[in-house]
Amino acid sequence: MPFIKIDDHEIEVDAGRRVLDIATELGIKIPHYCYHQALSSPANCRMCLVEQVGAPKLMPSCATRVFPAPPNRKTTIDGKEYDAVFYTASPVVKEAQESIMEFLLINHPLDCPWCDQAGECRLQDYSYEYGKGHSRYKEEKRTFPKKKLGPNVLLYTNRCIMCTRCIRFCEEITGTDELMVSERGGKAQIDIYSEDKPLDNPLATCVTDICPVGALVSQDFLYKPRVWNYTRKESVCGMCASNCNISVDTKQNLIYRIKPRENQQVNSFWMCDNGRLGYNRWQNDVDRLETPMVRRNGHLEPVSWEEAYDAIKNGLKSFRNTEIAGIASPYSTNEENYLFQKLMANAFKSDQISYATGATWEAWEAKKSPFKISEFKSPNYFGAKDVIGNRHKGEIIEKISKIQVKALYWVGGNLDQRLTDGERDALQKLQFLVVQDVWLSPITEYANVVLPATNYYEKEGTFTNASHILQWVHPVVNLMDDMKPEWLIFIELAKRLGGSLGYTDIKNVTRDMLANTPAYKHIKPADIGSQGIQTRR
Amino acid sequence: MQNGNGKVPASIPYMRSVYAGDEAVLLKHYNPPESLTLKHYQQHGGYRALKKAFSMEQDAVIEEVKAANLRGRGGAGFPAGLKWSFMPKESDKPSVLVCNADESEPGTFKDRALMNGVPHMLLEGMIIAAYAMRASLSYIYIRGEMVHEAQCLENAIAEAYAANLLGKNILGSGYDLEMAVHRGAGAYICGEETGLLESLEGKRGWPRTKPPFPAQYGAFGYPTTVNNVETLACVPHIINNGAAWFKSLGPEQSPGPKLYCVSGHVKKPGLYEFPMGINMKTLIYDHCGGMLHDDRKLKAVIPGGSSVPVITADEVDVAMDFNSLSAVGSMLGSAGMIVMDESVCMVDALLNLEKFYAHESCGQCTPCREGTPWLRKILTRIEHGQATMDDIDLLQDVADKIEKRTICPLGDAAAWPVQGMLKKFRHEFEEHVKLGRCPINSRL
Ligand SMILES: Cc1cc2nc3c(=O)[nH]c(=O)nc-3n(C[C@H](O)[C@H](O)[C@H](O)COP(=O)(O)O)c2cc1C
Ligand code: SF4
Ligand code: SF4
Ligand code: SF4
Ligand code: FES
């Protein structure tokens with residue numbers, strides 16, 4: 001193992017590691033633009049130059065790897081022998097950083113006041129830390145037109161520093177190869193190869209995350225309030241069973257932007273555009289159910305929670321327990337499904353519970369990295385299977401058709417709920433139907449009682465993804481006034497029906513859910529952590 | 001050697017004058033179109049060296065080239081034998097030899113003469129080099145504009161295949177080698193060896209960061225050596241005549257026959273062959289007929305292609321080899337010698353060069369992409385009398401900040417002429433500022 005020195009740190013490291021990575025781990029900050037951990041290192045920005053003792057010039061720390069030096073090529077400092085010695089903040093290094101900043105800024109438009117990146121821009125940050133503060137450039141700045149690279153991504157060409165992260169993303173992660181450089185020298189600019197092949201692969205907007213400056217911007221986020229005005233919360237995406245880690249920027253209980261959060265086991269640094277932009281549908285297009293409803297004279301009418309609970313109690317009274325069944329949801333958390341199961345068992349004495357599959361469509365896999373968009377468009381299909389047991393809703397539908405089951409509690413959550421003809425026929429035969437859903441759907445048409453359900457931006461608990469990794473889900477927005485978290489609905493309803501589940505809040509539910517789910521029983525809540533835990537051993 | 005024989009090939013539009021005496025080695029039999037043929041080459045001893053090489057161990061060939069101290073003629077003067085020894089002796093991937101025939105350095109026109117005059121000499125050198133390095137693939141990457149030369153090479157390769165000098169089991173030696181010509185699209189940067197490799201792979205000619213070096217990771221990821229045309233053309237002569245003979249031509253530190261490209265204000269510009277180390281003054285005044293206009297004095301010479309620092313008239317009594325020119329703060333480079341008389345404005349000359357670098361910068365790395373157009377813009381202002389004294393310092397500083405901080409040496413190549421001019425001719429820059437105009441160029 002090479003023994004090296006970086007500034008005042010002496011360290012033994014694995015051969016072949018990059019100086020920049022080693023320094024970062026040691027807490028030494030080396031400014032850099034073009035290097036990104038998930039991508040190759042062309043060393044083109046030259047911002048990360050460091051001094052290597054004995055080298056004829058400054059070395060790019062992002063592309064310089066350390067190896068054991070042959071005996072005659074060791075570096076001796078103060079009588080001590082090293083395989084390599086680096087200085088990251090010596091006068092020459094500082095002077096180089098200053099000059100790179102000057103070069104990068106001579107043609108930069110300096111339009112920070114209306115740039116979407118302002119506040120999270122490396123050019124801004126580094127100018128402050130490593131720059132000179134004034135420019136010696138007296139010439140006219142070069143200007144380029146701005147371009148729409150694809151449906152979701154704009155290029156403010158003048159702001160680009162040609163780090164090529166975006167190109168490498170399309171080459172090395174998605175493998176879709178939409179981006180290239182056109183022209184050369186000072187005229188070089190990012191572009192698409194052809195109008196026929198715009199930047200619209202499923203991960204396209206990720207280029208705006210990795211662009212170190214404000215050149216690539218998300219059409220969705222364009223000119224929204226300045227970034228420092230937001231509250232940022234962390235959770236996981238619920239738009240498919242991949243459960244990408246996200247951070248969500250909100251203001252006044254509205255979501256303004258969702259960005260991926262690093263989780264090397266789950267989504268690396270990425271997320272898909274569907275997941276990123278999906279919140280718009282919830283905020284703009286969906287007429288959410290906000291209060292409980294009860295069917296009176298053929299119409300669903302808003303009622304209070306008390307009235308709704310009573311309607312359920314009265315409606316189910318006359319059935320034998322074998323005539324009552326439940327369908328749990330792949331849109332619910334593991335905790336919600338666990339409580340639902342308990343509710344069915346304790347209050348209705350029914351063990352007839354199954355799960356629905358939720359929406360599915362074609363999966364998509366990145367060509368050059370393990371990133372995958374799951375074919376399951378619900379967040380917790382795999383968790384539902386683990387918690388409920390391998391019992392699909394088909395069994396129950398069949399029993400309803402045969403009029404063996406007469407009353408049903410269906411937890412929905414699917415924005416694109418569809419029913420098969422068989423399911424419609426079955427639902428028509430039901431004598432009593434409780435539906436918990438996010439909006440009026442094909443199932444609520446048959447409902448006697450409807451309870452408003454929550455979506456994955458509002459939930460608290462855990463999801464289990466397609467790779468069986470169980471992760472925390474946190475609410476990023478507050479529920480609307482009359483709504484209740486679904487775990488609370490189950491607790492209150494059980495109590496009303498005389499079969500208390502023994503919980504007053506959600507804290508202990510996770511613990512018991514884990515302990516009582518065969519696939520999870522070896523896991524403690526504290527094991528889950530910020531990166532989740534693999535449930536399969 | 002007397003002034004050359006001035007052979008003027010009728011069929012080749014751009015090769016005005018090739019001067020090579022009877023003692024010449026590389027251009028001795030330069031006489032296109034006859035000298036293009038395999039028959040002509042063989043009549044003058046061609047492919048004898050190849051047979052000799054096949055009778056030697058591969059490593060012995062490398063040792064011979066090392067002993068001859070053949071230094072790369074592409075510009076940097078890196079010892080060829082040493083470079084070849086970096087190639088793996090055993091590899092699960094094929095090894096590759098690439099001949100760099102991109103020749104686009106302003107003032108340089110030597111490789112094209114070898115290609116349009118004696119292409120089989122290059123081919124023989126390549127086959128020997130490839131054999132020594134155990135390469136099974138070889139390419140000639142030729143500048144796109146050189147259409148005629150590419151055709152000469154294609155013909156020569158076809159002849160060589162037909163004569164079993166290429167292909168399988170060459171001359172019964174058991175050694176296989178394929179060879180192909182790859183035409184570039186006309187970018188200076190594709191002469192830089194890693195830019196060349198990218199271009200050869202069909203990509204944009206963006207130089208790679210080194211390490212890894214081509215011998216570890218070259219064309220298509222295979223171990224690769226890149227050598228200049230003239231370097232490779234020397235190889236058959238070393239094998240035929242031995243390292244000792246080669247070293248006896250010119251100074252021991254940089255020996256061998258050498259092609260000098262002379263352009264500018266001399267009476268007989270052209271391509272000259274001499275043993276390495278010819279005195280520059282002798283070359284200009286004895287061989288090139290002296291200054292073009294008898295009433296104008298010599299002012300400056302750029303000795304090694306546009307990238308190298310300029311030297312003044314007082315410094316021309318110097319041997320033209322790698323070490324001697326380094327000693328006066330310049331370089332032999334590509335031996336593209338640009339002679340300038342007193343009618344030339346040094347600011348304008350430098351502006352002309354910097355326009356070239358700004359235009360040819362690939363745009364990949366920050367200092368060169370941003371710095372070269374900046375140099376051009378500052379120089380434009382100085383030349384047009386719109387600059388201050390501070391701008392001269394700024395010019396120097398920008399060049400200093402490009403140098404040594406880029407991915408490839410094009411950045412350095414843009415910086416060195418600025419540094420050289422300011423060192424030797426700073427007073428001319430100051431004069432422009434003081435007068436508010438160019439003192440020489442009347443058109444301004
Ligand atoms: C910008 C640039 C352009 C170059 N152009 C050429 C060229 O046209 N021909 C050439 O042989 N070498 C050129 N070189 C040098 C090559 O990178 C390389 O060093 C050379 O081909 C090695 O061959 P040699 O060792 O035989 O000299 C260039 C270098 C740079 C930096
Ligand atoms: S658009 Fe952004 S990511 Fe792409 S090269 Fe320019 S600065 Fe880099
Ligand atoms: S892949 Fe799935 S979890 Fe990830 S962002 Fe897209 S929809 Fe969300
Ligand atoms: S120095 Fe210039 S030519 Fe070389 S890689 Fe950098 S930008 Fe390209
Ligand atoms: S981060 Fe190292 S050169 Fe760009």
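So that the names make sense, note that chain A is the first sequence line, chain B the second, and so on, each numbered from 1. Just so it is clear, the values below take in all heavy atoms, side chains as well, and ignore hydrogens, waters and symmetry mates.
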Exercise for review: Go through the atoms of A/Ser41 and report whether side chain, backbone, both or neither lie under 4.5 Å from a heavy atom of chain B.
Suggested key: backbone
Review point. Looking at A/Arg136, A/Glu183, A/Gln189, A/Lys57, which one has more heavy-atom pairs under 4.5 Å with chain B than the rest?
Key: A/Arg136
Exercise for review: Sort A/Tyr33 into side chain, backbone, both or neither according to what part of it lies under 4.5 angstrom from a heavy atom of chain B.
Suggested key: neither
Review point. Given side chains that start at C-beta, do those of A/Arg46 and B/Ile407 come closer than 4.5 Å, heavy atoms only?
Key: yes
Point to revise | Interchain contact, B/Pro373 with chain A, by part (heavy-atom threshold 4.5 Å) | key: side chain
Point to revise | Interface moiety of B/Arg204 toward chain A, non-hydrogen atoms closer than 4.5 Å | key: side chain
Exercise for review: Pick one of side chain, backbone, both or neither for A/Ile106, based on which atoms fall under 4.5 Å of a heavy atom in chain B.
Suggested key: side chain
Study note, to complete from the structure: So, the part of A/Glu102 with a heavy atom under 4.5 Å from chain B: the answer is side chain
Check your understanding: Taking B/Arg208 as the fixed residue, which of B/Glu193, B/Glu192, B/Glu198 is the one that meets the salt bridge (charged side-chain N to carboxylate O under 4.0 Å, His left out) rule?
Key -> B/Glu198
Practice item. State whether B/Phe322 and B/Arg71 meet the cation-pi test: NZ (Lys) or CZ (Arg) under 6.0 Å from the six-membered ring centroid, and within 45° of the perpendicular axis. Key: yes
Practice item. State, with a plain yes or no, whether a side-chain heavy atom of B/Gln419 is found less than 4.5 Å away from one of B/Asp400. Key: yes
Point to revise | Residues B/Arg405 and A/Ser99: side-chain donor-acceptor under 3.5 angstrom | key: yes
Review point. Of the backbone (N, CA, C, O) and the side chain (C-beta and beyond), which part of B/Glu360 lies under 4.5 Å from a heavy atom of chain A, both, or neither?
Key: both
Point to revise | Proximity breakdown for B/Thr406 and chain A, heavy-atom pairs closer than 4.5 Å | key: backbone
Point to revise | Contact summary for A/Lys138 and B/Thr388, nearest pair of heavy atoms | key: NZ-OG1, 3.7 Å
Study note, to complete from the structure: Checked A/Ala43, A/Cys163, A/Ala188 vs chain B; the most non-hydrogen pairs under 4.5 Å come from A/Ala43
Review point. Does a side chain donor of either B/Tyr357 or B/Ser306 reach within less than 3.5 Å of an acceptor in the other side chain?
Key: yes
Review point. Is the Lys NZ or Arg CZ of A/Arg159 less than 6.0 Å from the centre of A/Tyr156's six-membered ring, within 45° of the axis?
Key: yes
Review point. Between A/Leu49 and chain B, which part of the residue has a heavy atom less than 4.5 Å away: side chain, backbone, both or neither?
Key: side chain
Check your understanding: Using non-hydrogen atoms only, which part of B/Ile189 is less than 4.5 Å away from chain A: side chain, backbone, both, or neither?
Key -> neither
Review point. Tell me, side chain or backbone of B/Arg381 under 4.5 Å from chain A's heavy atoms, or both, or neither?
Key: side chain
